[in-house]
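Side-chain atoms are counted along with the backbone in the values below, which use heavy atoms only and exclude waters and symmetry mates. Predicted model only: the values in this text are computed from it and were never measured.
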There are 2 protein chains.
Amino acid sequence: MNAAQEIKDKGLKVTTARVKVLDILQPDGLALSHMELEPMLGKIDRITLYRILNDFEEVGLVHKVIDIDGVTRFALCKHNCTTHHHNDNHLHFNCTACHKMYCMDNLPVTAVNLPKGFKATGQSTIIYGLCSGCN
Amino acid sequence: MNAAQEIKDKGLKVTTARVKVLDILQPDGLALSHMELEPMLGKIDRITLYRILNDFEEVGLVHKVIDIDGVTRFALCKHNCTTHHHNDNHLHFNCTACHKMYCMDNLPVTAVNLPKGFKATGQSTIIYGLCSGCN
DNA sequence: TTGTTTATGCAACAGAGTTGCAAATGTAAG
DNA sequence: CTTACATTTGCAACTCTGTTGCATAAACAA
């Protein structure tokens with residue numbers, strides 16, 4: 001599906017900036033940081049980028065992951081996420097050499113047995129090590 | 001063991017600031033943020049606190065966790081961690097109501113089957129939901 | 001094409017974290 | 001218990017990340 005249609009389907013206005021951001025996030029399954037996205041976008045204001053990513057997250061187009069260095073990253077949602085309901089329980093792999101963050105959409109997430117009184121609503125797992133490119 | 005001895009054993013100088021920080025981290029199994037630690041420490045400079053926590057992490061006295069809001073938190077290492085070798089593969093529970101971060105030292109971490117070429121050296125899992133106090 | 005709504009860019013700000021340097025403190029030796 | 005050296009602390013200044021308010025520009029429905 002093309003980016004403009006996806007944006008429209010989520011009830012957002014189709015702007016050149018939004019289409020550009022979504023197009024960049026399409027190809028790879030990588031979670032990108034602001035620092036990485038900004039130079040790829042040309043003359044789009046960094047504040048605008050913050051707002052676009054936040055909007056995209058709210059409507060379920062992208063999800064946010066914080067990598068092992070504390071850097072916030074954004075990746076496309078592959079499953080049918082909707083506003084305020086993300087199916088983002090998948091694993092992420094963070095390469096300690098090249099710092100790339102991979103979405104591991106097809107790996108299963110193991111449920112954990114918590115102590116009495118604790119109730120889990122979700123979990124975020126980041127596996128770190130060397131990716132196939134750096135290994 | 002008392003804080004001063006632990007600090008000395010790791011090869012660090014025993015200072016009032018370091019003892020104070022370690023004493024505060026002792027009681028609970030909670031991971032505390034800078035914002036939470038600062039007011040508990042009295043007149044210790046915030047830069048000093050950054051340096052103490054970084055030093056403690058390097059020698060294996062504390063470990064760093066980034067919570068689901070992106071806030072960096074520090075907790076005592078319960079296992080025998082050494083310089084640059086943390087056994088910090090345990091789970092963390094982050095309460096979405098009170099924002100407390102618990103170290104779940106005794107829960108097992110499940111190994112994950114990664115795609116070819118990827119080599120894991122560790123993993124960080126944060127389970128979020130309601131803690132026993134808020135549930 | 002016009003008018004209204006929404007998005008963008010800019011300025012200014014708040015918070016987290018780092019670095020350099022002078023003063024204060026810890027520690028070991030005399 | 002005093003001296004001397006090494007390390008730590010506090011301060012100033014800075015970078016990087018992220019947010020808010022407001023005027024202008026762009027989307028889109030009529």
(message) Are B:L91 and B:I66 connected into the same hydrophobic cluster when the rule is that any two of I, L, V, M, F, W, Y join if their side-chain heavy atoms are below 4.5 Å apart?
(response)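 No, no single cluster joins them.
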(request) Check whether A:M35 and A:L49 end up in the same hydrophobic cluster, where Ile, Leu, Val, Met, Phe, Trp and Tyr are linked by side-chain heavy atoms less than 4.5 Å apart. (result) no
Whole angstrom value for the distance that separates [atom2] of [N] from [atom1] of [X]:
X: A:I66; N: C:dA16; atom1: CD1; atom2: C1'; result: 13 Å
X: A:I44; N: C:dG9; atom1: CD1; atom2: P; result: 7 Å
X: A:D45; N: C:dA12; atom1: CG; atom2: P; result: 14 Å
X: A:I52; N: C:dA7; atom1: CD1; atom2: P; result: 10 Å
X: A:L53; N: C:dT8; atom1: CG; atom2: P; result: 11 Å
X: B:L37; N: C:dA16; atom1: CG; atom2: C1'; result: 14 Å

(message) Quick one about A:N54 and A:E58 (side-chain donor to acceptor, distance below 3.5 Å, no hydrogens or angles considered), yes or no?
(response)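 Distance-only check fails for A:E58 and A:N54.
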Please check if the side chain of [X] supplies one atom and the backbone of [Y] the other of a donor-acceptor pair under 3.5 Å.
X: B:R46; Y: B:E38; answer: no
X: B:D69; Y: B:V71; answer: no
X: B:N135; Y: B:L130; answer: no
X: B:E36; Y: B:S33; answer: yes

(message) For chain A and DNA chain D, what are the first and last nucleotides along the strand, 5' to 3', with at least one atom under 4.0 angstrom from a heavy atom of the protein chain?
(response)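 Footprint of chain A along DNA chain D, 5' to 3': D:dT17 to D:dC28.
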(message) Base contacts versus sugar-phosphate-only contacts with protein, heavy atoms under 4.0 Å: please encode nucleotides 19-30 of chain C as B, S and - from 5' to 3'.
(response) BB-----BS---
(request) Take A:D55 and B:V71, find for each the nucleotide of DNA chain C with the closest heavy atom, and name the residue whose nucleotide sits nearer the 5' end. (result)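 The 5'-side residue here is A:D55.
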(message) I need the single residue from B:H99, B:K100, B:R73 that forms a side chain to side chain donor-acceptor pair (under 3.5 Å) with B:D67. Which is it?
(response) B:R73
(request) Select base, sugar-phosphate, or nothing to describe what B:R46 touches, counting heavy atoms under 4.0 Å on all strands. (result)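 Result for B:R46 = base.
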(request) Take the angle between the ring planes of B:F118 and A:Y102 and call it parallel below 30°, perpendicular above 60°, tilted in between. (result)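 It falls in the perpendicular class, over 60°.
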